[in-house]
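The structure appears below as structure tokens.
Start at 1 and go down the list; that is how both ligands and their atoms are numbered. This one's a predicted model, so the numbers in the text were calculated from it and none came from an experiment.
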Amino acid sequence: MNKFLQDLTTLIKTAFLNAGFDEEVVVSDCAIAELGDFQCQSALALAKKYRMSPLMIAQKVVENLPENKLIKSISAVNPGYINFFVTDEALSQEFKAELENLGKPLGVDNRVTVVDYGGPNVAKPLHVGHLRSGTIGEAIKRICAYAGNKTIGDVHFGDWGLPLGMVISELEAQHPDWVYFDKNFEGEYPKTPPFTVKDIELLYPTASKKAKEDEILMKIAQTATVELQEGRRGYRALWEHIMAVSKADVRNLYGILNIDFELWLGESDTQEDCPKLIEQIVNDGFAQKSQGALVIEVEEETDNKPLPPMMLQKTDGGITYATTDLATIVQREKELGAERIIYIVDKRQDLHFTQVFRAAKKTGVVSKDLQLDFAGFGTMNGKDGKPYKTRDGGVMQLRVLIEEVVQKAQEKVEEAKGQNTDYSLEEKKEISTAVAISALKFADLSIYRMKDYIFDPDKFCSFEGKTGPYLLYTITRAKSILKKSGQNSFENFEISHMPRQLVLTLLAFKAEAEKAYQELAPSVLCDYVYKLANLFNTFYNSCNIISEEDQAKKSSWLYLTNAVVKFMEKVLDLLAIKTLEKM
Ligand code: ARG
């Protein structure tokens with residue numbers, strides 16, 4: 001809660017106390033602007049206890065408000081609400097202070113927090129699921145940092161499992177003569193990869209289809225995975241190549257989406273830790289043998305449905321997805337000093353994370369205080385309500401999806417701009433790309449993350465409604481006014497000239513940011529910034545800022561416009577959506 005709201009709450013609480021009610025008090029924005037700036041509903045719950053109507057309680061509170069400089073007028077209304085307006089002076093001071101402090105973190109939590117998001121698999125092309133994880137994860141990381149945490153983002157590549165075994169064994173089938181497959185070879189392997197990322201992308205679906213259809217091929221892929229994990233030289237050399245081409249591709253694609261990581265680690269970075277960890281867990285008596293495999297029982301008495309044990313090691317000696325995740329948790333605590341880890345992963349992996357988190361705590365391989373959170377997300381669906389696919393039913397690649405939206409954005413920009421020929425081809429390209437990315441990211445963030453949503457580029461790219469382009473457009477409009485004013489700084493204002501609702505909404509920013517943090521829900525900020533843009537546009541359409549002759553009014557309006565730009569840019573920065581200077 002910010003200082004202003006805290007001061008107001010304390011004041012109202014004193015009034016409650018003076019009236020004889022020693023109770024918790026909550027102050028919030030007033031639902032009806034005409035009735036007040038803020039309201040308090042705390043009297044409603046007290047009727048029984050004090051054998052008085054809530055309205056009477058509210059009236060008593062109002063009568064007992066101490067002398068102060070913050071509240072201008074206060075009233076009790078049916079059925080027991082307390083509404084009040086603050087003084088212009090208090091509001092002005094608060095407005096100025098909040099604008100100045102916009103960049104400062106909230107300071108509500110200062111832990112070392114690792115955010116695990118993105119999670120691409122090196123053997124497969126990025127698909128729409130990686131859009132969601134990357135987009136939501138980047139926003140959550142930034143929101144956590146704004147809350148005050150020391151955040152570390154880790155992409156956590158899927159680079160140590162079966163898909164790699166599949167690709168490697170498929171390569172072996174296609175090119176048995178390659179030196180990488182010669183077990184007797186002891187020399188140095190070539191430095192340049194024998195394939196491009198495109199080849200790998202084509203290879204995986206073929207290999208995976210074959211392995212699923214043919215038991216023998218699946219066995220071969222599994223064996224290749226184990227051999228890779230155990231360090232077969234030629235396989236490792238190929239794996240290094242796959243890693244190199246794939247990482248470069250992921251960096252590039254995530255770069256376009258304004259998504260970046262402090263750490264570019266993956267499952268494979270636990271390869272040295274896994275055997276030791278397994279040994280420790282076995283020695284401590286937490287692992288059971290189960291049909292030749294090693295498992296950790298994680299079911300608890302209070303569970304209302306069965307929970308399968310976590311697989312620590314497969315029958316063939318292979319390391320599982322869960323084991324690498326467990327080892328990664330240990331590593332993050334030891335090496336990074338992590339106090340909290342947040343996973344932004346498809347909600348269908350819920351079970352996996354429940355198993356891993358429980359195993360981590362039960363075996364005592366991490367401290368009890370380490371907080372582990374699974375922030376799942378739903379799927380992006382096609383119009384048929386099923387996960388969004390290509391026309392022929394294949395997995396939708398992220399690159400193709402982005403191209404589709406850029407195409408749509410281009411049409412929309414041209415439609416909106418008409419024959420505006422001021423822009424060079426390059427500028428046009430830059431604008432439509434930014435519009436497209438804002439459209440895609442905002443659409444992805446604005447629905448509460450656990451929900452599924454439907455991919456609709458036409459709607460996402462619209463300049464009207466709750467969309468990224470609408471927000472970008474609002475900012476460029478505001479900026480163009482500031483530019484036209486010819487001023488560089490905006491200092492003087494009188495609050496009485498400003499639409500009060502807009503000012504109060506700006507002041508609600510920190511509370512909204514805190515809510516987004518508590519719920520790990522960027523959608524809270526999307527709702528907020530959309531509301532802000534609507535209020536600003538109403539103001540913009542009703543006031544002729546540049547031609548206003550009353551200087552006091554004009555400078556107040558410019559001050560407000562500048563503040564709106566700053567607040568909106570701050571929100572969009574937390575959402576990792578890039579804005580434009582002009583459109
Ligand atoms: N690579 C995984 C996938 O595509 C996601 C990784 C999520 N993070 C993790 N620590 N398991 O399904």
Return the residue, atom name and 0.1 Å-rounded distance of the protein heavy atom closest to atom 12 (O) of ligand 1.
Gln349 NE2, 2.8 Å
Compare all side-chain heavy atoms of Asn149 with those of Arg340 and state whether any distance is below 4.5 angstrom.
no
Hey, does Pro190 have a side-chain heavy atom less than 4.5 Å from the side chain of Tyr180?
yes
Non-hydrogen atoms of Glu267 versus ligand 1: any pair closer than 4.0 Å?
no
Taking only heavy atoms of His130 into account, list the atoms of ligand 1 that are under 4.0 Å away from them.
4 (O)
Among all protein non-hydrogen atoms, which one is nearest to atom 8 (N) of ligand 1, and what is the separation to 0.1 Å?
Asp116 OD1, 3.1 Å
re atom 4 (O) of ligand 1, the protein heavy-atom contact at minimum distance is Asn121 ND2, 3.1 Å
Hey, are the side chains of Leu336 and Leu263 touching, using non-hydrogen atoms and a 4.5 Å cut-off?
yes
Distance under 4.0 Å to a non-hydrogen atom of Tyr343: what atoms of ligand 1 satisfy this?
10 (N)
Going by the order shown, which atoms of ligand 1 are within less than 4.0 Å of some heavy atom of Val345?
7 (C), 8 (N)
I'd like to check whether Gly119 has a polar contact with ligand 1, where a contact means an N/O of the residue lying under 3.5 Å from an N/O of the ligand.
yes
Ligand 1-proximal atoms of Asp346, by part, heavy-atom distance under 4.0 Å
neither
I want to check something: taking the side chain as every heavy atom from C-beta on, are Asp325 and His156 in contact at a cut-off of under 4.5 Å?
yes
Close-contact set for ligand 1 against His156 heavy atoms, below 4.0 Å:
8 (N), 9 (C), 10 (N)
Look at Lys531 together with Glu512 and state whether they make a salt bridge at an N to O cut-off of under 4.0 Å.
no
For the 3.5 Å polar cut-off, considering only N or O atoms, please tell me whether His352 and ligand 1 meet it.
no
Check: residues 254-261 side-chain donor-acceptor pairs under 3.5 Å, at least two apart:
unit_1 : atom_1 : unit_2 : atom_2 : d
Tyr254 : OH     : His130 : O      : 2.8
Asn258 : ND2    : Ala576 : O      : 3.3

Show which atoms of ligand 1 fall inside a sub-4.0 Å distance from at least one heavy-atom site of Phe353.
9 (C), 11 (N)
Side-chain donor/acceptor pairs under 3.5 Å, residues 215-226, sequence neighbours excluded:
unit_1 : atom_1 : unit_2 : atom_2 : d
Thr223 : OG1    : Lys219 : O      : 2.8
Thr225 : OG1    : Ala221 : O      : 2.7

Is it true that Glu138 and Arg142 make a salt bridge, defined as a side-chain N closer than 4.0 Å to a carboxylate O?
yes
Check this for me, if you would: do Arg348 and Asp346 make a salt bridge, where the nitrogen-to-carboxylate-oxygen distance has to be below 4.0 angstrom?
yes
Please report which non-hydrogen protein atom sits nearest to atom 6 (C) of ligand 1, along with the residue it belongs to and the distance in Å to one decimal place.
Tyr321 OH, 3.4 Å
